[in-house]
Amino acid sequence: MSIWLARLSVDRWRRASTPEADSAPTALILETAHGPRITAANDAGLAAGARAGMLLADARALCPDLVAVPGDPAGDLAELEKLALWAQRWGPWSALDPPDGLLVDVTGAAHLFGGEERLLKDVAAAFAARGLTARAALAPTAGAAWALAHYARPGAILASGDDLLRLLADVPVAALRLDDDVLTALRRLGIKRLGELAGVSGAGEEDLAREAAARDALRRRFRNRHSPAANPLLRLDQLLGKVPEPLLPVIARPMPLVQRRLMEPIRHRTPLDTVLADLAAEMVRALEARGEGARRLELALWRVDGEVLQRRIELAAATREAGHITRLFAARLDDVDAGFGIEMVQLRASWSEPLALAQADLDAAAEDHGTSLAACIDRLSVRLGPRAVTRPVARASHIPERAQSWQPPLAPVPPSQHPLAFHSRPLKLLDRPEPIAVLHAAPDGVPQRFRWRGEVREVARAQGPERIAPEWWRERSTARLRDYYRIEDEAGRRYWIYRAGLAGDGRGGVPEWFLQGLCA
């Protein structure tokens, strides 16, 4: 997920000015060949008619009281770089979008702020505290986030599974970050919205036919333009995530990368597997030198005809085991079309984590045969899909049935409650607590006999109670307390039961009993 911050007020003169001066129509100007031209204006200046790109003489014809202040593009860019570093409080990676934008990669970090909506609220509050005005948006791609930040309501969010083209169909084509001459050409063609550019509309068949013909003409018109800002179809593919958009981070983080330039192009699978095994061994050495392990690996194959084939795998745990990496990629190379031959192979670790040195021979047999837990999870994820395999993780809850949840191996681990020292829990918890009938001393004595699944069991020993209060921030005020007992019957079987509620607590009728777990 990407978050784009647009319309950042990086004008240092505004911070130094008095409130009276800031309320006056003011604009930043730069000298051009045709005279001073406006680059930015405050709210009063915008209300008076001043716009970026307008000549100062034309703006003063609309507003004679307009105050012109020389701009400082170099200073603004330096301030924007400082903001990009500061904005890494929301994610580990940020990039510049001069003159007034920032991109922050918040993938896997939204849960640290309580969700995506709270993250955007924190963004707005943090910029407001610094005296800056910002429009923030969240989307799966950088292009979609840019479009939302500039042409949607503040705080707009698009999820990874949303249909970006349908939801952004009414956005102007200017959201594609195109050159002015390209926008002029699109307006002359009658294309004003993204839906018209992509052919998404609710029009009739005749209108759809005309739009399809216009798209074909558009493709022919811009087929020789390779710059993204000069090709609307390329920008549209970047917005939809069909084509990658390279971005330069404000702080470059070198990635472990190894490659092989082959003396002769290879067309068969056997030599390709040999090259892959060599690259995996070299990648392991590079990662070991950095004290890291790979979590995401990307393999790129350069064909003789110029096509580049890419394959990517994500691992459940950081690894430096060459054989495991080779086996995972082997399942992704079955559909590779070598064409006239592959002339270069590259392997890089786009995501790595610290991994301390360990004694490898203890798990060597399991790793060699692919039977270790992490290797098994990775192989199942590659074959069945990343969402087909789940793992149990501890959750921050003292309620037994909520203290554990299931999630994909690559999902971030939720925060846990390590400082809280809970009592020991039974070996097995039932999926749902089952009601039981209990004979006990009134009003809240120790259980003496209980009926479960049609069989009466005599209690030989009992330990408890352990009282667990409800989560007042999650449940209603009528939720009842629980008193847990660890009991043992005459046959030596041990159970974990609880009484829901107390007699006369005002939150219901007679307390009920449930069996929730079986002890070893």
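Because the structure is a prediction, the values reported are computed rather than measured. Hydrogens, waters and symmetry mates play no part in the numbers below; they use all other heavy atoms, side chains included.
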Item to complete: Look only at the side chain of Thr274 and the backbone of Thr270, and say whether a donor-acceptor pair between them is shorter than 3.5 Å.
Response: yes
Practice prompt. Run the ring-centre check on Trp513 versus Tyr498 and record whether the distance is less than 6.0 Å.
Written response: no
Worksheet entry | Side chain proximity check, Pro140 to Leu158, heavy atoms < 4.5 angstrom | yes
Worksheet item: Would you say Arg474 has more than 12 foreign heavy atoms packed within less than 6.0 Å of its CZ?
Response: yes
Worksheet item: Does His324 reach the main-chain N or O of Asp378 with its side chain, forming a donor-acceptor pair under 3.5 Å?
Response: no
Fill in: Salt bridge Glu292-Arg290, side-chain N to carboxylate O under 4.0 Å
yes
Item to complete: Mark yes or no for whether Arg135, through its side chain, and Ala149, through its backbone, hold a donor-acceptor pair below 3.5 Å.
Response: yes
Item to complete: Check whether any side-chain heavy atom of Ile157 lies under 4.5 Å from a side-chain heavy atom of Glu116, and answer yes or no.
Response: yes
Discussion item. Between Phe450 and Tyr495 (judged by ring centroids, cut-off 6.0 Å), do the two rings come close enough to count as a pair?
Written reply: yes
Discussion item. Please check: side-chain N/O of Asp337 versus main-chain N/O of Gly339, any donor-acceptor pairing under 3.5 Å?
Written reply: yes
Discussion item. Please determine whether a side-chain nitrogen of the Lys or Arg among Arg402 and Glu471 lies less than 4.0 Å from a carboxylate oxygen of the Asp or Glu.
Written reply: yes
Worksheet item: Using the ring of each side chain (for Trp, its six-membered ring), is His150 parallel, tilted or perpendicular to Trp146, with breaks at 30° and 60°?
Response: parallel
Item to complete: May I ask you to decide if Val345's main-chain N or O and Arg260's side chain share a donor-acceptor pair within less than 3.5 Å?
Response: no
Fill in: salt bridge (charged side-chain N to carboxylate O under 4.0 Å, His left out) against Arg493, all qualifying residues, sequence neighbours excluded
Asp489
Discussion item. Rounded at 0.5 Å granularity, tell me how far CG in Leu239 sits from CG in Leu165.
Written reply: 8.5 Å
Worksheet item: Where do Leu518 and Pro426 come nearest, in terms of heavy atoms and distance?
Response: O-CB, 3.6 Å
Discussion item. Whether Arg261 engages the ring of Trp302 as a cation-pi pair (distance to the six-membered ring centre under 6.0 angstrom, angle to the ring normal within 45°) should be assessed.
Written reply: no
Worksheet item: So do the side chains of Ile313 and Leu299 get within less than 4.5 Å of each other, counting heavy atoms only?
Response: no
Worksheet entry | Partners meeting side chain to side chain contact (heavy atoms under 4.5 Å, CB included) with Ser350 (sequence neighbours left out) | Met255, Arg296, Glu298
Practice prompt. For Glu488, look at atom CD and say whether over 12 heavy atoms of other residues, nucleotides or ligands are found less than 6.0 Å away.
Written response: yes
Discussion item. Please give me the minimum heavy-atom distance between Pro400 and Leu429, naming the atom from each residue.
Written reply: O-CD1, 4.1 Å
Worksheet entry | Close side-chain approach of Leu287 to Leu355, heavy-atom, < 4.5 Å | no
Discussion item. Just so I know, are the side chains of Pro435 and Trp452 near enough to count as touching, which here means a heavy-atom distance under 4.5 Å?
Written reply: no
Discussion item. As an exercise, state the distance from CG of Leu328 to CZ of Arg312, rounded to the nearest 0.5 Å.
Written reply: 14.0 Å
Worksheet item: Is the backbone N or O of Ser352 less than 3.5 Å from a side-chain atom of Arg295, with the two atoms forming a donor-acceptor pair by type?
Response: no
Worksheet item: Got a salt bridge between Arg177 and Glu245, using NZ or NE/NH1/NH2 to carboxylate O under 4.0 Å?
Response: yes
Discussion item. Rounded at 0.5 Å granularity, tell me how far CD1 in Ile497 sits from NE2 in His440.
Written reply: 9.5 Å
Discussion item. For Ala479, is there any backbone N or O sitting under 3.5 Å from a side-chain donor or acceptor partner on Arg507?
Written reply: yes
Worksheet item: Using a distance-only test with no angle check, is there a side-chain donor-acceptor pair under 3.5 angstrom linking Gln516 and Glu401?
Response: yes
Practice prompt. Establish, yes or no, whether a centroid distance under 6.0 Å links the rings of Trp496 and Phe514.
Written response: no
Worksheet item: Hey, is Glu455 close enough to Arg457 for a salt bridge, meaning N to O under 4.0 Å?
Response: yes
Practice prompt. Side-chain contact test, heavy atoms from C-beta onward, threshold under 4.5 Å: evaluate it for Leu148 versus Val171 and give yes or no.
Written response: no
Discussion item. Once rounded to the nearest 0.5 Å, what's the spacing between atom CG of Asp335 and atom CZ of Arg332?
Written reply: 9.5 Å
Practice prompt. Of all the heavy-atom pairs spanning Pro99 and Leu80, show the shortest one and how long it is.
Written response: O-CD2, 3.8 Å
Worksheet item: Is Arg467 close to Leu502 at the side-chain level, that is, under 4.5 Å between some pair of heavy atoms?
Response: yes
Discussion item. Quick one: does any side-chain atom of Thr141 pair with a main-chain N or O of Gly241 as donor and acceptor, under 3.5 Å?
Written reply: no
Worksheet item: So with a 6.0 Å cut-off around CD of Glu434, is the heavy-atom count from everything else above 12?
Response: yes
Discussion item. To the nearest 0.5 Å, what is the distance between CG on Asp97 and CG on Leu102?
Written reply: 8.0 Å
Item to complete: Would you indicate whether the side-chain heavy atoms of Leu481 and Pro470 approach each other to under 4.5 Å?
Response: yes
Worksheet item: What distance do Tyr485 atom OH and Arg499 atom CZ have between them, rounded to the nearest 0.5 Å?
Response: 4.0 Å
Worksheet entry | Under-4.0 Å salt bridge between Asp273 and Arg269 | yes
Worksheet item: Ignoring hydrogens and geometry, is there a side-chain-to-backbone donor-acceptor pair from Arg235 to Leu178 under 3.5 Å?
Response: no
Worksheet item: Salt-bridged, Glu466 to Arg482, with N to O below 4.0 Å?
Response: no
Discussion item. Within the supplied structure, the quantity of interest is the number of heavy atoms (other residues, nucleotides, ligands) at a distance under 6.0 Å from Arg89 CZ; does it exceed 12?
Written reply: yes
